[in-house]
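Encoded as structure tokens, the structure appears first; notes follow it.
All values derive from a computational prediction rather than experimental measurement. In what follows, every chain begins at residue 1, and chains take the letters A, B, ... in the order their sequences are listed.
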2 protein chains.
Amino acid sequence: MEKLTINDIAKLAGVSTATVSNFLNHNYGKMSAKTRAHVAKIITEHNYHPNSVARDLAKNDNKTIGVSIADITNPFSATVLSGISAVFNQAGYRMIFTNADNDQDTETSNILRLQAQNVAGIIIDPVNPDNPIYQTLSNNDIVMFDRQMETLTFDSVATNNTEAVEEMTKRMMIAGYDELYFVSWPLEKVSTRIKRYQGFLRAIRYPDGTHLIPVPYPGQSESLVTFQTQIKRIMEQRGNKKVGFFTMNASVFVQLLQTMQHNNYTYPTDYGVATYEEFDWMTVMRPGISCIRQDSRRIGTDAAKLLKKKLETKEGGVPTTHIIPTTLIIRDSF
Amino acid sequence: MEKLTINDIAKLAGVSTATVSNFLNHNYGKMSAKTRAHVAKIITEHNYHPNSVARDLAKNDNKTIGVSIADITNPFSATVLSGISAVFNQAGYRMIFTNADNDQDTETSNILRLQAQNVAGIIIDPVNPDNPIYQTLSNNDIVMFDRQMETLTFDSVATNNTEAVEEMTKRMMIAGYDELYFVSWPLEKVSTRIKRYQGFLRAIRYPDGTHLIPVPYPGQSESLVTFQTQIKRIMEQRGNKKVGFFTMNASVFVQLLQTMQHNNYTYPTDYGVATYEEFDWMTVMRPGISCIRQDSRRIGTDAAKLLKKKLETKEGGVPTTHIIPTTLIIRDSF
DNA sequence: CTGTTAGCGCGTTCAC
DNA sequence: GTGAACGCGCTAACAG
């Protein structure tokens with residue numbers, strides 16, 4: 001791109017690089033009004049912008065942060081990213097972006113690369129909180145969001161998963177449902193899923209596992225069949241009971257609805273449904289979808305502010321979880 | 001983060017930094033098999049990774065590219081980004097990410113910052129192709145996608161907008177619609193919108209503007225009313241005519257449906273509809289939505305490969321547009 | 001008020 | 001196999 005350096009400008013202006021540097025750093029006391037104006041003119045004329053990487057170098061500073069996203073294709077993550085990016089741009093940090101495509105090995109190599117690129121800190125949207133790479137990291141320069149590790153090792157930003165689901169489940173119970181199911185991607189050790197499931201169990205005390213329906217990730221068609229037959233059986237055997245489903249995110253919600261439609265069941269007549277996450281398109285589904293709205297953008301801004309603060313104060317401290325509240329949106333799907 | 005440098009490794013291994021460097025660069029001819037093995041051991045033992053920024057510095061190379069996204073919240077852009085990121089990671093480039101939140105001034109400052117950060121090249125998803133900042137850029141190190149400038153100044157990657165819409169519009173005509181409308185965010189000078197609109201006009205020769213319905217961007221509620229009354233009037237005055245709508249993207253589609261539902265009109269009975277873009281959730285809308293599917297990921301990978309090639313051959317050449325084909329998905333919405 | 005110059009951090013490279 | 005100069009673009013202490 002642009003090749004102009006502080007040296008070129010100094011020559012063009014007929015002054016020393018020191019003067020140019022002083023000008024750039026607003027040390028106007030060190031030059032005459034005349035040279036000041038002249039340097040200003042040359043700089044704007046040639047559209048010169050100092051190289052910020054070199055500046056970091058000279059100042060022995062580091063304004064680069066890394067971001068590792070599990071899957072940028074997920075609209076939730078994209079919105080979080082917009083929040084992160086807003087905060088860091090504002091603060092004059094540059095942001096190196098990596099995406100793991102939901103693959104743990106890719107994530108590992110992304111994080112290694114971020115380290116090799118000498119970033120000051122990393123924000124992580126973990127693919128799998130068990131990834132051993134995390135054990136090599138320190139809470140001094142890491143913030144996670146959405147999913148956390150089982151034992152809290154890093155500061156994290158997340159929504160009030162348990163409480164929100166508990167509340168929504170209670171609403172469904174009040175609405176007269178006899179049998180409720182929690183539909184989710186495999187819980188594995190993903191805290192987000194586990195916490196949402198715990199909220200479900202808190203509201204309605206089923207034995208663990210009896211009312212948990214796993215859905216495979218997109219693309220794994222074998223186990224999809226298992227899911228579909230499970231749903232079909234529940235519906236066929238429901239008799240006079242009112243059955244309802246809570247889906248742990250929008251993608252799972254779409255999966256459930258596809259299966260239901262395939263078997264010609266419609267909500268809220270044949271079954272009730274509610275979901276975590278809200279998106280635009282839910283407003284045009286009829287009947288309206290009851291859902292849990294989360295402020296994804298704020299998850300991003302909060303995570304970014306948190307990391308920025310840690311880096312500036314150089315204090316990691318005890319890892320804590322920062323909770324962003326959610327809103328229950330009740331429509332007509334149960 | 002990690003503090004190990006080539007110096008530390010050299011000391012730990014009891015060799016010179018030169019030897020370590022040679023090892024890292026696979027110049028094994030310059031050391032004995034014994035030291036080679038020993039250095040290898042030390043490096044893996046301490047999990048050392050050379051600082052890639054310093055390496056670029058020393059080699060006077062530059063493996064940093066910048067990305068300027070108009071609005072990462074748009075699922076289309078996010079998918080494109082995943083493609084870009086896959087290609088560049090693979091190739092050992094790091095990627096500085098910026099997001100303009102659909103604001104031209106933010107975009108301008110983002111691009112300026114990318115330049116100041118001394119990136120080798122930039123991929124741009126333009127907010128407004130008229131942004132004067134573009135005039136300061138050269139085709140040698142820029143690739144755009146989705147939207148292009150009026151006069152082609154940079155290599156661009158886009159879908160076959162005109163042909164796809166033309167084809168879909170024809171299908172609607174064949175289905176017996178008497179009156180068709182093209183619903184779109186304001187055309188302004190955004191090529192994507194203009195080209196889609198041209199495809200519409202090619203299929204059905206209305207005088208320019210008579211069947212073009214602008215929708216405001218999300219958040220601009222004043223002009224939303226204008227849109228809503230316009231739709232209402234068309235529906236009320238349609239008499240026995242079959243009217244149909246083509247929406248230029250998914251967001252506009254949702255807007256249209258909201259308005260229709262508000263007035264108790266349902267497709268395909270009261271009106272027909274089709275849209276550019278396909279998303280997951282369209283598969284659960286009933287009746288099914290006819291739409292134009294584009295391979296967003298590939299737009300990203302192609303744009304990235306293109307830029308990479310330009311940078312490596314140092315040849316900009318004549319700006320051309322690279323077209324990615326689309327697929328028509330016909331369901332039951334018209 | 002302005003210029004000179006030694007770093008900054010970390011790898012590369014070449015003469016020995 | 002090594003030592004040490006060198007490079008990037010900028011900053012800042014100091015000399016003049």
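Look at A:D155 and A:K309 and you find no salt bridge, because none of the NZ, NE, NH1 or NH2 atoms lies under 4.0 Å from a carboxylate O.
Looking at B:R147 and B:S191, their side chains never bring a donor and an acceptor atom within 3.5 Å of each other. In the model, B:T98 has no side-chain atom that pairs as donor or acceptor with a side-chain atom of B:R113 under 3.5 Å.
Using a 4.0 Å heavy-atom cutoff across all strands shown, A:G14 reaches sugar-phosphate atoms only and no base atom. Contacts of A:V53 with the nucleic acid, taken as non-hydrogen atoms under 4.0 Å apart, are absent.
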- Query: How does each nucleotide of nucleotides 10-16 of chain C score, in 5' to 3' order, for protein heavy atoms under 4.0 Å: base (B), sugar-phosphate only (S), or none (-)?
  - Reply: SBBBB--
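If you take NZ of A:K11 and P of C:dG3, they are 14 Å apart, rounded to a whole angstrom. The separation between B:N62 atom CG and D:dG9 atom C1' is 13 Å, rounded to whole Å. Summarising the geometry, the separation between CD on B:Q115 and P on D:dG9 is reported as 15 Å, rounded to the nearest angstrom. When rounded to the nearest whole Å, the span between CZ of B:F23 and C1' of D:dT2 equals 18 Å.
When side chains are defined from C-beta on, B:Q104 counts as touching B:N128, because their heavy atoms get closer than 4.5 Å.
Residue A:Q135 qualifies as open at atom CD: its count of foreign heavy atoms under 6.0 Å is 12 or below. The number of heavy-atom neighbours closer than 6.0 Å to CD of A:Q90, taken from other residues, nucleotides and ligands shown, is 12 or below.
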